[in-house]
Amino acid sequence: MSLKTDIAEAIIAGVSAAQAKGSLPAGELPPIVVDRPQSEDNGDFATNLPLRLARAFRLEPFEIAQRIAESIPTSTFIERVWAAKPGFVNFALNEAWLTGQVEAILQAKDSYGNSQVGAGRKVQVEFVSVNPTGPIHVGHTRGAVLGSTLASVLSAAGYDVTREYYVNDHGTQMELFYRSVYVRYLQAQGQDVELPAQGYKGDYITELAKLIQQEEGDRFLNMPEDEAVTDIGEIGLDKMLTNIGADLEQVGVTFDVWYKEHDLFDGGRYGEAMGLIAKNGYVSDREGARWFTSTSLGEDKDNVLVRSSGQPTYFASDVAYHLDKFAYRGFDHVIDIWGADHQGHVSRMKAVLQALGIDPNRLTVMISQMVTLRRGDEQLKISKRSGDLITLRDLVEDVGADACRYFFLSRSPESQMEFDLDLAKEQSSNNPVYYVQYGHARIASISRLAAERGIDYVDGDVSVLKHPAELALIRKMIQLPGLVESMAEDLEPHHLARYSLDLASAFHWFYQQCRVVSSEPSDLPMTKARLRLVDAARIVLARSLSLMGMAAPEQM
RNA sequence: GCGCUUGUAGCUCAGUGGAUAGAGCGCAGCCCUGCGGAGGCUGAGGCCGUGGGUUCGAGUCCCACCAAGCGCACCA
């Protein structure tokens with residue numbers, strides 16, 4: 001499957017062989033850990049197994065390492081096995097095998113890096129899910145980039161992925177939104193009316209109302225107020241969702257499903273969920289309201305499902321929504337990506353699953369931490385209801401979609417981050433984003449030159465590639481499949497940012513060291529081989545960029 | 001007060017319990033008579049928040065403390 005697995009198998013075989021001939025004592029092995037040494041002096045892979053066996057075997061770790069190393073035969077892909085200092089066994093890859101990987105990559109094309117570890121299991125990634133009462137701002141954008149990249153990675157790893165946006169189109173905030181649009185509409189008609197106290201004050205509501213007035217005229221003035229509020233509100237909601245979708249598309253984020261909260265009620269899911277949670281004994285009625293008795297599951301407090309007014313809370317919808325995900329739509333695993341302001345709800349959601357009889361381990365809630373904005377020395381805070389907000393749209397206009405995605409992806413989601421808009425702009429020619437993309441443009445440029453000169457290199461023989469820079473580039477390229485697997489396993493797509501930087505760096509170094517297209521006739525075999533290498537590098541770099549949702553430009 | 005997250009180079013941040021802690025930016029130097037210099041190479045710069053503990057081994061795991069962010073509604 002992966003190289004590490006192959007090496008782990010070789011290690012197990014080596015230990016067994018050593019045990020069989022009596023150079024190592026019998027005994028169970030711990031799980032084999034194969035990792036990549038940071039110094040290349042220590043080979044391509046290493047295991048710490050001897051250190052872990054020292055106690056059980058009552059031998060010096062280095063002694064064990066030597067005995068294991070001498071029992072592992074070289075193979076088509078392992079060039080050399082040796083014992084090292086405290087108690088490692090190191091492995092160096094066979095160079096002929098390495099250069100052969102260039103052909104493997106060329107053959108795999110765009111599917112290089114794909115894996116089957118997901119085995120087609122159904123996974124849902126639900127992300128963004130911003131209330132459609134306002135535009136997407138910078139904090140949401142972080143979650144959007146994280147979610148879309150994670151979905152791409154999971155898909156590459158062989159999962160059956162559904163990308164979903166949950167639309168809160170129900171409840172008190174929605175009513176406030178409806179009424180706010182209605183009031184702005186009346187104002188646009190010249191009427192002197194006030195926004196409700198908690199109404200949405202943003203300019204976008206005013207503009208929305210004006211647009212509705214232009215498209216629909218004054219027809220809402222002649223109907224009962226309740227009806228007018230509902231009709232205008234629905235039109236407004238629709239326009240908001242359209243805008244949200246368009247904004248997200250600007251940064252390369254799309255969804256398979258836009259799931260409306262309203263449908264939970266219309267489709268009966270809400271009733272079924274409430275029935276099930278009550279049947280399982282986690283509901284009590286008191287103080288005129290209906291409560292989820294989460295304290296019996298170890299939570300700090302109980303939570304209201306149905307208010308004394310008879311209105312369900314958003315939390316009740318969430319219960320129904322998650323029942324729907326697991327019980328009706330059959331997701332093996334669900335990943336919810338929430339903002340930091342919702343992290344207090346994670347354990348409560350897990351408790352809900354327990355109450356519904358669903359294994360809580362099937363849900364992973366990822367928290368995307370706060371983003372603070374800075375313009376030079378000025379700290380900016382984002383408040384949704386104030387007029388002053390930095391939206392996704394502003395951000396993309398400022399720094400561009402690719403820089404925006406890369407910037408978010410180069411940090412792990414659980415650490416708070418600072419986004420300096422000035423810096424992101426200033427740096428633009430000298431930014432890691434451009435460094436990576438320039439690598440791709442350079443490759444494209446080499447290909448253009450080869451085409452101009454009419455060089456046909458389908459028969460290039462990659463076995464002539466021996467230069468350290470060539471081999472270093474190949475070593476970096478073949479890390480992608482393992483990276484995809486580990487990112488899918490750990491749900492950590494942000495490693496792509498560093499990987500793509502390292503890959504680009506390996507390419508730039510190769511480019512500096514090795515002339516690709518040579519005019520000397522005697523260099524033709526090397527030219528052909530390097531052109532094949534360059535094509536393969538392009539495949540891997542383009543794939544890395546595409547997983548990150550970034551463009552792979554032909555020229556810049 | 002309780003809970004979650006975060007404290008690593010001047011700045012922004014990586015770092016699957018292992019072998020000399022990394023990158024980008026910034027700073028100081030160097031490299032083009034051939035494929036795009038948006039490039040390559042070298043250097044300075046670190047009690048990994050503090051103190052304990054577990055381990056053969058801790059930036060990484062556990063505990064306490066300090067600091068920052070976010071939560072702790074019959075709002076979402």
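Side-chain atoms are counted along with the backbone in the values below, which use heavy atoms only and exclude waters and symmetry mates. All of these numbers come straight from a predicted model, not from anything done at the bench.
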Specify whether A/His342 and A/His345 have parallel, tilted or perpendicular ring planes, treating 30° as the upper limit for parallel and 60° as the lower limit for perpendicular. perpendicular
Roughly how many Å apart are B/rG39 and B/rU20, using the P atom of each and rounding to a whole number? 32 Å
Find the partner of B/rA28: check Watson-Crick (N1-N3 plus N6-O4 or O6-N4) and G-U wobble (N1-O2, O6-N3) distances, both under 3.5 Å, and reply none if neither fits. B/rU42
Note: for A/Ile367 and A/Ser410 on RNA chain B, the residue whose nearest nucleotide lies more 5' is A/Ile367
Which whole number of Å gives the distance between the P atom of B/rA19 and that of B/rA23? 16 Å
Looking across every strand, which nucleic acid part, if any, lies under 4.0 Å from A/Phe315 by heavy atom: base, sugar-phosphate, or nothing? nothing
Within this structure, what is the CD-OH distance for the pair A/Glu261 and A/Tyr270, rounded to the nearest 0.5 Å? 10.5 Å
Please check if any side-chain donor atom of A/Thr149 sits under 3.5 Å from a side-chain acceptor atom of A/Arg405, or the reverse. yes
Near RNA chain B, counting only heavy atoms under 4.0 Å, which residues of residues 468-480 of chain A show up? none
Between the side chains of A/Asp44 and A/Arg475, is the shortest nitrogen-to-carboxylate-oxygen separation below 4.0 Å, so that they form an ion pair? yes
Take atom P in B/rG49 and the same atom in B/rC11, then report the distance between them in whole Å. 14 Å
Less than 6.0 angstrom from the centroid, inside 45 degrees of the normal: does A/Arg442 satisfy that with respect to the ring of A/Tyr511? yes
Counter-base of B/rG17, judged by Watson-Crick or G-U geometry with both distances under 3.5 Å: none
Would one find a side-chain N or O of A/Thr172 under 4.0 angstrom from OP1 or OP2 of B/rA76? yes
Does A/Asn90 reach a base, just sugar-phosphate, or nothing at all? Heavy atoms under 4.0 Å. base
NA contact type, A/Glu492, heavy-atom cut-off 4.0 Å: base, sugar-phosphate, or nothing? nothing
Just call it for A/Ala497: base, sugar-phosphate, or nothing, with non-hydrogen atoms closer than 4.0 Å on any strand. nothing
Against the side chain of A/Leu501, the closest entry in B/rU16, B/rA76, B/rA23 is B/rA23
B/rG40, OP1 or OP2 - any side-chain N/O from A/Tyr435 closer than 4.0 Å? yes
What does A/Gln416 touch in the nucleic acid at a heavy-atom separation under 4.0 angstrom: a base, only the sugar-phosphate, or nothing? base
side-chain contact (heavy atoms from CB on, under 4.5 Å) between A/Tyr499 and A/Ser544, intermediate numbers included: CA-CA 8 Å; A/Tyr499 173 73; A/Ser544 308; 3.5 Å; yes
Using a 4.0 Å heavy-atom cut-off across all strands, classify A/Arg36 as base, sugar-phosphate, or nothing. base
Sub-4.0 Å heavy-atom contacts from residues 439-455 of chain A onto RNA chain B, ordered by number: A/Arg442, A/Ser445, A/Arg448, A/Leu449
Closest listed nucleotide, where the reference is the side chain of A/Arg52 and the choices are B/rG24, B/rG18, B/rG37: B/rG18
I'd like the P distance from B/rG51 over to B/rU8, given in whole Å. 15 Å
Heavy atoms under 4.0 Å, any strand shown: does A/Asn42 hit a base, just sugar-phosphate, or nothing? base
Describe the nucleic acid contact of A/Pro61 in one word from base, sugar-phosphate, nothing, applying a heavy-atom distance below 4.0 Å. nothing
Might you work through the salt bridge (Lys or Arg N to Asp or Glu O under 4.0 Å) test for A/Glu63 and A/Arg67, ending with a clear yes or no? CA-CA 6 Å; A/Glu63 187 67 30; A/Arg67 294 183 191 179; 2.9 Å; yes
Could you check which of B/rG15, B/rU20, B/rU6 has an atom nearest any side-chain atom of A/Asp41? B/rU20
Side chain of A/Tyr511 - closest among B/rG18, B/rA19, B/rC35: B/rC35
Is there a side-chain contact (heavy atoms from CB on, under 4.5 Å) between A/Thr141 and A/Val371? Walk through the geometry before answering. CA-CA 10 Å; A/Thr141 309; A/Val371 178; over 6 Å; no
If you compare every side-chain N and O of A/Gln38 against the phosphate oxygens of B/rG22 (OP1, OP2), does one of them come in below 4.0 Å? yes
Does a side-chain heavy-atom distance below 4.5 Å link A/Leu547 with A/Val484? yes
When you get a sec, tell me which of B/rC35, B/rG39, B/rG22 is the closest nucleotide to the side chain of A/Val517? B/rC35
Is A/Phe88 stacked on the base of B/rG18, meaning ring centres closer than 5.5 Å and planes within 30 degrees of each other? no
List every contact pair, protein side and nucleotides 71-74 of chain B side both N or O, where the distance is under 3.5 Å.
| residue | atom | partner | partner atom | Å |
| --- | --- | --- | --- | --- |
| B/rC72 | O2' | A/Lys301 | NZ | 2.3 |
| B/rC74 | O2 | A/Ser308 | N | 2.7 |
| B/rC74 | O2 | A/Ser308 | OG | 3.0 |
| B/rC74 | N3 | A/Ser308 | OG | 3.0 |
| B/rC74 | N4 | A/Glu287 | O | 2.7 |

Would you mind telling me which residue lines up with the more 5' stretch of RNA chain B, A/Met417 or A/Asn48, judged by nearest nucleotide? A/Met417
Output the rounded distance in Å from CG (A/Leu305) to C1' (B/rA76). 15 Å
May I ask you to say what A/Ser412 touches in the nucleic acid, namely base, sugar-phosphate or nothing, with a heavy-atom cut-off under 4.0 Å? sugar-phosphate
Rounded to whole angstrom, note down the P distance from B/rA14 over to B/rG45. 25 Å
Same-atom distance (P) from B/rG15 to B/rG7, integer angstrom: 9 Å
Assert yes or no for the condition that the ring centre distance of A/Phe88 to A/Phe62 is strictly below 6.0 Å. no
Expressed in angstrom and rounded to an integer, what is the separation of A/Glu126 atom CD from B/rA76 atom C1'? 13 Å
Selected nucleotide, minimal atom distance to A/Arg498 side chain, candidates B/rA19, B/rU6, B/rA23: B/rA23
Nearest to the A/Gln513 side chain among B/rG37, B/rG40, B/rU5, which nucleotide is it? B/rG40
Indicate yes or no: does A/Arg290 engage A/Asp302 in a salt bridge with an N to O separation below 4.0 Å. no
Do A/Asn168 and A/Thr133 come within less than 4.5 Å of each other through their side chains, counting heavy atoms only? no
Within the 6.0 Å centroid threshold, strictly below: A/His508 and A/Tyr435: yes
Can you tell me if A/Gln512 touches the phosphate of B/rC41, counting only side-chain N or O atoms and a distance under 4.0 Å to OP1 or OP2? no
Pairwise P distance, B/rU50 and B/rC32 [rounded to whole Å]: 45 Å
Are the ring centres of A/Tyr259 and A/Tyr165 closer than 6.0 Å? no
Taking atom P in both B/rC62 and B/rG69, what distance in whole Å separates the two? 24 Å
Check whether A/Tyr457 forms a cation-pi arrangement with A/Arg532 (NZ or CZ under 6.0 Å from the six-membered ring centre, at most 45° off the ring normal). no
